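Only one structure is covered here, and it is reproduced in the block below.
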Amino acid sequence: MSRAAYDDIAGWYDEALRSGPLGRFQDLAISIVLDLVGEVEGRRVCDLACGQGILSRRLARLGAVVTGVDISRGMLDLARRYERDEPQGVDYVRGDARSLPQIHDEAFEGLVCNLALMDIPDLEAALRTVARVLRPGGWFVFSITHPCFPTPSLGWTSRVDDELEPEIPDYFAEGFWRRDNPEGVRGKVGSYHRTMGTYVNALARAGLSIEHLDEPRATGDLAERIPGYLEVPPFLVARCKRDLALVET
Ligand SMILES: C[S@@+](CC[C@H](N)C(=O)[O-])C[C@H]1O[C@@H](n2cnc3c(N)ncnc32)[C@H](O)[C@@H]1O
């Protein structure tokens with residue numbers, strides 16, 4: 001595995017989670033992910049693309065036996081440092097979600113992937129991995145930036161009352177894009193835009209059935225900063241179930 005995109009911004013990302021606006025996005029996404037995850041006491045759970053381990057630690061505090069996986073050495077160094085400072089029994093493994101030979105089949109009862117599928121170039125391969133490492137009937141909860149709204153040309157126009165209204169062109173422009181703002185995470189590392197249909201069809205092909213979808217409105221600080229997210233959801237959060245038998249592809 002070569003150098004990963006997040007190696008270059010690991011320290012910045014960690015700081016932005018703790019004190020920047022990114023932290024508010026994360027708080028909202030993680031609270032909904034945890035609602036959809038439910039009871040995890042004693043369960044074997046994988047946090048795929050775990051980054052610096054923010055969600056791994058939350059799950060471990062709830063009693064889960066957590067393995068965090070990420071491709072970025074820089075992000076894993078931070079995750080392991082948090083684990084050293086406050087041990088919670090999280091095991092961190094370096095691996096690529098597109099194949100993950102380090103993890104055996106049906107290793108987990110549940111798997112989370114928070115705000116990261118948009119960072120992975122091959123969605124189909126990543127979802128095949130998810131299905132493979134989950135036991136039959138196991139759950140998969142993920143959050144992504146909403147596929148319909150923060151599209152490659154998302155902009156915000158001011159209305160007469162000074163509120164911001166989203167402009168949403170280029171929904172069909174799937175592929176890699178990078179936001180103009182170099183101060184934000186998507187300006188720094190870019191993102192893979194996919195339509196809703198691409199996500200839903202890839203889940204179905206991987207043997208992951210959608211049980212519940214959540215499209216939250218922004219709240220609190222995030223809503224104050226970006227009022228447009230009171231009108232369109234910043235995220236899509238889903239709970240899926242691994243089919244009992246997987247179809248060989
Ligand atoms: C936006 S960060 C989210 C991190 C974490 N889930 C969180 O909630 O803070 C995306 C993460 O995906 C990881 N990532 C990108 N491609 C990956 C891949 N192919 N396999 C595993 N992790 C990957 C990055 O290294 C980065 O840590």
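Since the structure is predicted, the reported quantities are computational estimates derived from the model, not experimental observations. All ligand and atom numbering here is 1-based and tracks the order in the structure.
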Quiz prompt | Electrostatic pair Arg194-Glu174, nearest N-O below 4.0 angstrom | solution = no
Quiz item: Salt bridge between Arg80 and Glu83, side-chain N to carboxylate O under 4.0 Å?
Solution: no
Quiz item: Is Asp221 paired with Arg24 through a side-chain N to carboxylate O contact shorter than 4.0 Å?
Solution: yes
Quiz item: Quick one: do the Tyr6 and Asp119 side chains pair a donor with an acceptor below 3.5 Å?
Solution: yes
Dump the pairs for me: ligand 1 N or O, protein N or O, distance under 3.5 Å, to 0.1 Å.
| residue | atom | partner | partner atom | Å |
| --- | --- | --- | --- | --- |
| ligand 1 | 6 (N) | Ala49 | O | 2.7 |
| ligand 1 | 6 (N) | Asn114 | O | 2.9 |
| ligand 1 | 8 (O) | Gln26 | NE2 | 3.0 |
| ligand 1 | 8 (O) | Asn114 | ND2 | 2.9 |
| ligand 1 | 9 (O) | Tyr13 | OH | 2.9 |
| ligand 1 | 9 (O) | Gln26 | NE2 | 2.8 |
| ligand 1 | 19 (N) | Asp96 | OD1 | 2.8 |
| ligand 1 | 20 (N) | Ala97 | N | 2.8 |
| ligand 1 | 22 (N) | Ile71 | N | 3.3 |
| ligand 1 | 25 (O) | Asp70 | OD1 | 2.6 |
| ligand 1 | 27 (O) | Asp70 | OD1 | 3.3 |
| ligand 1 | 27 (O) | Asp70 | OD2 | 2.7 |

Quiz item: Between Asp7 and Ser72, does any side-chain donor sit less than 3.5 Å from a side-chain acceptor?
Solution: yes
Exercise. For Gln52 and Arg57, test the side chains for any donor-to-acceptor distance below 3.5 angstrom and give the result as yes or no.
Key: yes
